[in-house]
Amino acid sequence: MLKIGVLASGRGSNFQALIDSLESGKINAEIGLLIVDNQNAYAIERAKKHSIEYLYIDPSNYPTKNEYYTEVANQFKKRDVELVVLAGFMRVVKKPLIDAYPNKIMNIHPALLPSFPGLHGQKDAVDYGVRISGCTVHFIDEGIDSGPIIIQAAVPVSFEDNEEILSQRILELEHKIYPEAVKLYSEGRLKIEGRRVRVLNFKLPDERIINPQIV
Ligand code: GRF
């Protein structure tokens, strides 16, 4: 069974969506370890509630980012983690972890990449005045929100929306497409070709995760 490691910094609602999909049997995988970089992360409470092992690894204890990510990679490897899922992890992952898990680290970003990368995807979309935004699950590379895209989902944006309202609308879809991406991975159905990801046995429209109001 696929063993997943999760990295989180805060609330952990995507972590929870993943837990729910695993517990309901939708995904055949298990979470081997949660690592947080913030001792007050609510994700810890979720791990405790579901008897998932967790570790707080404090970045300030490591002289360099590379040393921090070497330790993170070691802890995942120790538990035979095969896929790393970033669930609201508010740092840019560095080479030692990427090299330990090549094309095996996923992230979710609250915008339709490559638009609005970075820390404020929802606010940037509102400020820009786009009519459609959404979320993107992608593999990570060394850039910021720049790796191969796995799934995207779209939501409408109205003039009255603000960052908070749009964030909530996007979050509901995040909780659907992130577990879906992990499920596809667990079934061996994601194949990276250059910077594109082929989804094997992909059938429209059943598995299409685009808001039908938009397309
Ligand atoms: C989500 O909006 C995610 O897209 C972004 O950070 C937020 C994390 O939320 N990367 P949560 O911690 O999963 O609730």
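Values reported hereafter were calculated over all heavy atoms of this structure, with side chains retained and with hydrogens, waters and symmetry mates removed. This is a predicted model, so every value here is computed, not measured. When a ligand or atom number is given, it counts from 1 through the structure's own listing order.
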Q: Taking atom types as modelled and ignoring hydrogens, do the side chains of T64 and N66 form a donor-acceptor contact shorter than 3.5 angstrom?
A: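 No pair is found: no donor N or O on one side chain lies under 3.5 Å from an acceptor on the other.
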Q: Relative to the heavy atoms of G88, which atoms of ligand 1 are at a distance of less than 4.0 Å?
A: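 Ligand 1 atoms under the 4.0 Å threshold to G88: 6 (O), 8 (C).
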Q: Atom 2 (O) of ligand 1: which protein heavy atom is closest, and how many Å away?
A: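 Heavy-atom neighbour on the protein nearest atom 2 (O) of ligand 1: E174 OE2, 3.0 Å.
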Q: Would the number of heavy atoms belonging to other residues, nucleotides or ligands and lying under 6.0 Å from OH of Y56 be above 12?
A: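 Count over threshold, so yes.
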Q: Got the closest protein heavy atom to atom 11 (P) of ligand 1, with its distance?
A: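 So the nearest neighbour among protein heavy atoms is S13 N, 3.3 Å.
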Q: Note the single closest protein heavy atom to atom 9 (O) of ligand 1, along with its residue, its atom name and the distance in Å.
A: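 Sorting protein heavy atoms by distance from atom 9 (O) of ligand 1 puts R11 NH2, 3.0 Å first.
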Q: Tell me yes or no: between the side chains of Q168 and E164, is some donor less than 3.5 Å from an acceptor?
A: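 Their side chains do not contain a donor-acceptor pair, so the 3.5 Å distance test is not met.
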Q: What I want to check is whether the side chains of S186 and N28 have a donor and an acceptor closer together than 3.5 Å.
A: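 Side-chain D/A pair, S186 to N28: absent.
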Q: Quick one: look up the protein heavy atom nearest atom 12 (O) of ligand 1 and list residue, atom name and how far away it is.
A: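 Looking at atom 12 (O) of ligand 1, the protein heavy atom closest to it is G12 N, 2.8 Å.
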Q: Looking only at protein heavy atoms, which one is nearest to atom 10 (N) of ligand 1, and what is the separation?
A: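 It is I108 O, 3.0 Å.
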Q: Can you check whether P156's main-chain N or O pairs, donor with acceptor, with R169's side chain at less than 3.5 Å?
A: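 Checking the backbone N and O of P156 against the side chain of R169, a donor-acceptor pair under 3.5 Å is found.
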Q: Under a 3.5 Å threshold, yes or no: a donor from one side chain and an acceptor from the other, between S9 and N38?
A: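 On atom types as modelled, these side chains do not qualify, holding no pair under 3.5 Å.
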Q: Short N/O distance, under 3.5 Å, between N107 and ligand 1?
A: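 N/O-N/O distance under 3.5 Å: no.
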Q: Using a plain distance cutoff, I'd like to know if H109 has any nitrogen or oxygen under 3.5 Å from a nitrogen or oxygen of ligand 1.
A: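 The answer is no, given that H109 and ligand 1 share no N or O pair closer than 3.5 Å.
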